[in-house]
S.K.: 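Before I ask anything, let me first share the structure, which is written out below as structure tokens.
Hydrogens, waters and symmetry mates play no part in the numbers below; they use all other heavy atoms, side chains included.
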Amino acid sequence: MLFGLMPLASFSQSKLNAFLTPSDTLNKPRRNTVVITEAAIGGLTLVGLNQLWYADFEQSKFHTTNDNNQWLQMDKLGHAFTSYQLGKHGTQLLHWSGVNKKHQLIYGATLGFSFLSAVEVLDGFSSEWGFSWGDIMANGAGTGLYIGQELLWKEQRIALKYSFHQTKFAKQRPDKLGETFLEQTLKDYNGQTYWLSANIHSFFKKSSVPKWLNVAVGYGAYGMLTGVEVVDSQLIKTNGGYRQYYLSLDVNLKEIKTNSKLLRSVFDVLNMIKIPFPTLEFNKNKAVFHLFYI
């Protein structure tokens, strides 16, 4: 029975590999599927945000706000990270469709910037927030990091990555920092760290350094219960936020050898997460060594 199923499994694996293999020339059905799917998901997401999120807050005339001094700029790094990752995957989907490199960068790499800018417009019509030019610049920085490397090196030698650990602050202000673990990964800036992870071998092509080995520098912040410090609040005084800087190693999952195209695709998605490694932290008070920093 088992031997009878093996040819079927091999055939299925072969079909899957063929499906995941990028097209050498423009594949219009693939391209159309990508464009329609992205437009549908993006449109539905914006409609959903407008109905489920912004509907809970009073609407206003379009207005701007300057929030550049909030959350020790952790929210801005979140914008850059999201824009970078959406642009990367947007480009890869067009590459899979056989779209030429120029159009990959024009229409794929700008996916994150376009989507996040549309969300920013929704913010502009909400009295709770406002259109932030700082957010737009952060979106542009993430997109620019991706496009700039493609133009300069034709590869991503430096990736923008993310890691998260839970903190005690979310329990103190679950309305702002999240109640569930998933909400906290998005809202609790105290537990987020953003990394620039550089692949060593890509800078030294003739070296014997493993292709999967990266060195990473990270930025985080800790002790924040609100976006800005409230001077007359004893609680905020007790928990004054401060910046954290990190130095660590990382793994480029795309360089892990495997014959499975499905596994390669999974590794490519997971590659946005910084792998825990021994890490040095530098903050305003001292230097700290973490055996495995998450």
Side-chain angles (χ1 to χ4, degrees), residues 49 52-58 60 63-83 116 119-120 122-139 141-142 160-196 217-248 273-274 276 279-290 292-294:
L49 283 172
L52 300 176
W53 180 261
Y54 293 100
D56 293 335
F57 301 95
E58 182 181 350
S60 67
H63 64 286
T64 62
T65 185
N66 184 351
D67 59 355
N68 294 335
N69 65 334
Q70 294 189 14
W71 301 111
L72 295 178
Q73 294 76 52
M74 287 296 292
D75 58 322
K76 299 298 179 282
L77 285 173
H79 276 265
F81 167 79
T82 304
S83 182
L116 293 175
V119 174
E120 202 62 40
L122 293 179
D123 280 351
F125 288 100
S126 174
S127 59
E128 182 76 8
W129 294 282
F131 182 94
S132 168
W133 284 110
D135 288 351
I136 293 294
M137 291 179 64
N139 299 339
L160 187 50
K161 296 192 176 187
Y162 164 91
S163 64
F164 176 80
H165 59 272
Q166 287 184 292
T167 72
K168 62 183 180 182
F169 300 103
K171 292 182 179 179
Q172 298 179 46
R173 293 209 67 189
D175 58 321
K176 284 289 186 182
L177 304 181
E179 295 184 2
T180 66
F181 178 80
L182 181 59
E183 286 183 347
Q184 290 167 20
T185 62
L186 300 173
K187 294 182 177 182
D188 187 4
Y189 295 117
N190 300 284
Q192 299 176 5
T193 308
Y194 293 97
W195 303 83
L196 286 174
V217 292
Y219 173 76
Y222 195 74
M224 303 175 294
L225 291 175
T226 61
V228 293
E229 183 175 4
V230 181
V231 178
D232 62 351
S233 168
Q234 186 59 44
L235 184 62
I236 301 301
K237 285 181 180 178
T238 304
N239 297 284
Y242 59 89
R243 305 176 190 275
Q244 300 163 305
Y245 304 92
Y246 300 94
L247 178 63
S248 182
I273 305 298
K274 162 73 169 63
T279 301
L280 277 174
E281 172 192 340
F282 305 92
N283 58 54
K284 66 176 183 178
N285 298 317
K286 56 186 176 180
V288 182
F289 176 75
H290 303 273
F292 286 101
Y293 180 81
I294 299 177

S.K.: Do you know which two heavy atoms are closest between Gly130 and Glu120, and how far apart they sit?
M.R.: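 The pair with the smallest heavy-atom distance is O-OE2, 3.5 Å.
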
S.K.: What's the shortest heavy-atom distance between Tyr293 and Ser163, and which atoms?
M.R.: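 Taking every non-hydrogen atom into account, CE2-OG, 4.3 Å.
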
S.K.: Which residues pass the side chain to side chain contact (heavy atoms under 4.5 Å, CB included) test with Thr82, not counting sequence neighbours?
M.R.: Leu86, Leu116

S.K.: Which residues pass the ring-ring contact (aromatic ring centres under 6.0 Å, His included) test with Trp129, sequence neighbours left out?
M.R.: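 With neighbours one apart ignored, the set is Trp53, Tyr54, Phe57.
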
S.K.: Only pairs at least two apart or in different chains count here, so list each side-chain hydrogen bond (donor to acceptor under 3.5 Å, both in side chains) that has a residue in residues 176-187.
M.R.: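 Qualifying pairs: Gln166-Gln184.
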
S.K.: Would you please name every residue forming a side-chain hydrogen bond (donor to acceptor under 3.5 Å, both in side chains) with Thr279, sequence neighbours left out?
M.R.: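 Thr279 satisfies side-chain hydrogen bond (donor to acceptor under 3.5 Å, both in side chains) with Ser248 once adjacent residues are dropped.
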
S.K.: Quick one: list whatever passes side chain to side chain contact (heavy atoms under 4.5 Å, CB included) with Val288, sequence neighbours left out.
M.R.: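 Val288 satisfies side chain to side chain contact (heavy atoms under 4.5 Å, CB included) with Glu281, Asn283, Lys286, His290 once adjacent residues are dropped.
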
S.K.: Please find the pair of heavy atoms, one from Ser132 and one from Asp67, that lie closest to each other, and give the distance.
M.R.: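 Ser132 and Asp67 have their closest heavy atoms at OG-OD1, 2.7 Å.
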
S.K.: Could I get the full list of ring-ring contact (aromatic ring centres under 6.0 Å, His included) partners for Tyr194, not counting sequence neighbours?
M.R.: Phe81, Tyr162

S.K.: More than 12 foreign heavy atoms under 6.0 Å from CD1 of Ile294: is that the case here?
M.R.: no

S.K.: Could you list the residues that satisfy ring-ring contact (aromatic ring centres under 6.0 Å, His included) with Phe164, not counting sequence neighbours?
M.R.: Phe181

S.K.: Heavy atoms only: give me the nearest Asn68-Gly134 pair and the separation to one decimal.
M.R.: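 Heavy atoms of Asn68 and Gly134 come nearest at OD1-CA, 3.2 Å.
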
S.K.: Which heavy atom of Asn190 sits nearest to which heavy atom of Gly223, and what is that distance?
M.R.: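 Scanning both residues, the minimum pair turns out to be OD1-N, 2.8 Å.
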
S.K.: Rounded to the nearest 0.5 Å, how far apart are CG of Leu177 and NZ of Lys171?
M.R.: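 Reported to 0.5 Å precision, the distance equals 13.0 Å.
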
S.K.: For Phe131 and Asp123, what are the C-alpha separation, side-chain angles and deciding distance, and is it a side-chain contact (heavy atoms from CB on, under 4.5 Å)?
M.R.: CA-CA 5 Å; Phe131 182 94; Asp123 280 351; 5.7 Å; no

S.K.: Taking all heavy atoms of Leu225 and all of Arg173, pick out the closest pair and write down the distance.
M.R.: O-NH1, 3.0 Å

S.K.: Relative to the ring of Trp71, is the ring of Tyr189 parallel (under 30°), tilted (30 to 60°) or perpendicular (over 60°)?
M.R.: tilted

S.K.: Working to the nearest 0.5 Å, report the span between CH2 of Trp195 and NZ of Lys274.
M.R.: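 Trp195 CH2 to Lys274 NZ: 4.5 Å, rounded to 0.5 Å.
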
S.K.: Atom NZ in Lys161, atom OG1 in Thr193: separation rounded to 0.5 Å?
M.R.: 14.0 Å

S.K.: Who pairs with Asp135 by salt bridge (charged side-chain N to carboxylate O under 4.0 Å, His left out), at least two apart in sequence or on another chain?
M.R.: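 Residues passing salt bridge (charged side-chain N to carboxylate O under 4.0 Å, His left out) with Asp135: Lys76.
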
S.K.: Please list, chain by chain and in numerical order, all residues satisfying side chain to side chain contact (heavy atoms under 4.5 Å, CB included) with Leu186, sequence neighbours excluded.
M.R.: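 Side chain to side chain contact (heavy atoms under 4.5 Å, CB included) check on Leu186 returns nothing, list empty.
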
S.K.: Quick one: list whatever passes side-chain hydrogen bond (donor to acceptor under 3.5 Å, both in side chains) with His63, sequence neighbours left out.
M.R.: Ser60

S.K.: Taking ring-ring contact (aromatic ring centres under 6.0 Å, His included) as the test, write out the residues that go with Tyr245, two or more places apart.
M.R.: Tyr219

S.K.: With sequence neighbours left out, write down each residue that passes side chain to side chain contact (heavy atoms under 4.5 Å, CB included) with Ala221, or none if nothing qualifies.
M.R.: Leu72, Met74, Met224

